[in-house]
Amino acid sequence: MMDFHCHLDLYPDARSVYAKAQQQMDFVWLVTTSPRAYVATSKVLPQTKSITVSPGLHPEVADQKAAELELLLVQIADSPAVGEVGLDGSARYRHSFDLQKRIFTAIVERSASLGGRVLSIHSRAAAKEVLDTLEQFPGFGTAVLHWFTDSVMLLRRADNLGCWFSVGPAMLNTANGRKIAAAIPRDRIVAESDGPFAKTDGKTVMPWEASNISSAMAGIWGMQTSTASDILINNGRELLSKIQKLQR
Ligand SMILES: [Zn+2]
């Protein structure tokens with residue numbers, strides 16, 4: 001079982017979720033939302049062989065955490081994985097969009113100057129601007145667009161840029177999510193929970209439930225669940241190897 005985007009530190013019972021994930025899962029990518037949260041989380045829920053903890057600066061808190069950008073740029077030097085980062089152009093966060101763009105641009109530029117990073121990217125109502133930024137800095141590494149909800153046309157552009165996509169059970173509960181998932185290249189899709197924010201049937205998605213997308217993807221792809229599961233596991237291994245290569 002693998003989960004490529006999880007706010008594990010934000011579950012109310014984070015320590016027990018961490019312990020169970022550590023015991024039962026092959027891989028969890030624990031994305032943090034601010035550079036200081038990364039420092040604090042790494043102490044309580046340390047990185048292990050199967051749990052990657054990454055520094056980030058969530059676009060929703062760009063205005064509150066902008067002063068921590070310098071710290072993030074330092075942290076990125078020692079971290080092969082970066083996230084959660086990105087842009088949010090929805091009405092609620094539009095007021096900080098220029099600031100978000102400055103922050104995200106600095107992160108992508110830094111990733112490129114360090115020889116590339118694997119980035120977990122939020123792109124709600126801002127996929128075009130996210131892709132514009134990535135295109136400015138060839139060599140930024142590997143982008144993993146998390147819970148991509150934009151158009152199939154922009155998805156094609158992301159595909160041409162070599163982007164990966166992390167998809168969770170909550171995304172596949174919506175018609176638009178399934179439409180997007182169907183258009184993602186089969187060799188570039190991995191499972192995510194986005195817990196504890198993501199919910200299905202009113203229940204918080206747990207890290208070990210990320211792989212539940214196998215059955216919905218099997219329906220979309222028209223194949224057995226076990227075959228879809230194998231595809232997702234192979235993709236997960238390949239993406240994980242990109243992170244591990246940078247660790248050396
Ligand atoms: Zn997230």
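First listed ligand is number 1; within each ligand, the first listed atom is number 1. Every heavy atom of this structure was used, including side-chain atoms; hydrogens, water molecules and symmetry mates were not. For reference, positions follow the sequence shown, starting with 1.
Distances from the Zn ion (ligand 1) to each N, O or S atom of Asp194 single out OD1 as the nearest. Looking at Glu84, its N, O or S atom nearest to the Zn ion (ligand 1) turns out to be OE1.
A donor-acceptor pair under 3.5 Å links the side-chain atoms of Arg178 to the main chain of Leu172, judged by distance alone.
Using modelled atom types and a 3.5 Å distance limit, the side chains of Ser166 and His146 yield no donor-acceptor pair.
Here His5 reaches the Zn ion (ligand 1): one of its N/O/S atoms is less than 2.8 Å from the metal. Taking 2.8 Å as the criterion, His146 does not count as a coordinating residue of the Zn ion (ligand 1), since none of its N, O or S atoms falls below it.
If you chain together hydrophobic residues whose side chains sit under 4.5 Å apart, Leu145 and Ile103 fall into the same group.
Checked against a 6.0 Å centroid threshold, the rings of Tyr18 and Tyr11 do not count as neighbours.
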